[in-house]
Amino acid sequence: MPHHLMNLRNVPDDEAEEIRALFEEHEVRYYETPPSRWGISMGGFWAHDDDEAARARGLLDEYQAQRLESQREQYQSRCERGETGLWYQFRKRPATFLAALVAIVVILGFSLLPFVRLG
């Protein structure tokens, strides 16, 4: 019976490529199903064999711990450089930021309009 090793929904392309390379490097026999376009099926990495699945899960656990640490370090360095938060997003793309803000206000206005008319 197949063993589901990892869900591929919302997984960045670079992470999926690194996992494929990890499996190829360690000669893990796996197969991959892509996630559906509309998010109905999750897709993922699978293994047929119990032993192969256990070995792959061990490799994945180690990889995930390393990736978590590296992503945390990258986020901390971006925070130290001031590349996070709303003000950074506004400075980076002011037109997009203002368009999104206007859209939020319009949607809130239409959503609250029936309640304002009641009073």
Side-chain angles (χ1 to χ4, degrees):
M1 182 165 161
H3 296 276
H4 188 241
L5 301 172
M6 181 179 171
N7 184 349
L8 282 178
R9 185 180 298 157
N10 299 323
V11 172
D13 290 336
D14 67 320
E15 183 177 1
E17 284 298 322
E18 289 174 0
I19 291 171
R20 286 183 199 103
L22 177 72
F23 286 164
E24 296 297 325
E25 176 185 337
H26 291 279
E27 298 179 356
V28 174
R29 292 185 322 262
Y30 74 98
Y31 65 97
E32 180 179 348
T33 56
S36 72
R37 184 175 306 228
W38 298 282
I40 295 170
S41 66
M42 62 185 165
F45 293 113
W46 302 77
H48 281 293
D49 189 355
D50 292 341
D51 296 332
E52 200 73 15
R55 191 166 69 97
R57 281 203 178 98
L59 290 169
L60 274 174
D61 289 343
E62 184 179 320
Y63 168 78
Q64 292 287 330
Q66 291 172 356
R67 179 153 175 108
L68 174 67
E69 190 60 36
S70 70
Q71 292 297 312
R72 269 197 189 137
E73 290 171 1
Q74 289 177 10
Y75 177 72
Q76 288 298 329
S77 67
R78 284 196 327 263
C79 286
E80 290 169 2
R81 292 190 310 261
E83 295 177 354
T84 58
L86 289 175
W87 181 244
Y88 175 75
Q89 293 299 324
F90 176 72
R91 287 183 301 156
K92 187 176 177 187
R93 296 184 187 141
T96 305
F97 187 88
L98 290 175
L101 192 61
V102 167
I104 289 169
V105 169
V106 167
I107 291 170
L108 277 175
F110 282 129
S111 298
L112 296 176
L113 188 63
F115 298 106
V116 172
R117 286 188 179 178
L118 286 176

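Any value given below was found using the heavy atoms of this structure, including those in side chains, with hydrogens, waters and symmetry copies removed.
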What's the spacing between [X] [atom1] and [Y] [atom2] if we round to 0.5 Å?
X	Y	atom1	atom2	value
D14	E17	CG	CD	9.0 Å
E73	L68	CD	CG	10.0 Å
E83	Q89	CD	CD	10.5 Å
H48	H3	NE2	NE2	10.0 Å
M6	F45	CE	CZ	6.5 Å
S41	L8	OG	CG	10.5 Å

*asked:* Checking the side chain of E52 only, and the main-chain atoms of A47 only, is there a donor and an acceptor separated by less than 3.5 Å?
replied: no
So, does R20 use its side chain to make a donor-acceptor pair with the main chain of E32 at under 3.5 Å?
-> no
Looking at [X], I want to see if its [atom1] is surrounded by more than 12 non-hydrogen atoms of other residues, nucleotides or ligands under 6.0 Å.
X	atom1	answer
Y31	OH	yes
R72	CZ	no
Q74	CD	yes

Between A16 and V11, the two heavy atoms sitting closest are N-CG1, 4.0 Å
In short, Y88 meets T84 closest at the heavy-atom pair CB-O, 3.5 Å
Mind listing the side-chain donor-acceptor pairs of residues 56-66 below 3.5 Å, one per line with the distance, residues two or more places apart or on another chain?
{"from": "R57", "atom 1": "NH2", "to": "H4", "atom 2": "O", "distance (Å)": "2.9"}
{"from": "Y63", "atom 1": "OH", "to": "E18", "atom 2": "OE1", "distance (Å)": "2.4"}
{"from": "Q64", "atom 1": "NE2", "to": "E15", "atom 2": "OE2", "distance (Å)": "3.2"}

Would you be so kind as to tabulate the donor-acceptor pairs closer than 3.5 Å made by side chains of residues 92-102, with sequence neighbours excluded?
none

If hydrophobic clusters are built from ILVMFWY residues whose side chains come within less than 4.5 Å, do W46 and L5 share one?
no
Could you go through L86 and F90, starting from their C-alpha distance and side-chain angles, then the distance that decides it, and tell me whether this counts as side chain to side chain contact (heavy atoms under 4.5 Å, CB included)? CA-CA 6 Å; L86 289 175; F90 176 72; over 6 Å; no
Check your understanding: Is there a side chain to side chain contact (heavy atoms under 4.5 Å, CB included) between Y30 and E24 once you walk through the steps?
Key -> CA-CA 9 Å; Y30 74 98; E24 296 297 325; 3.3 Å; yes
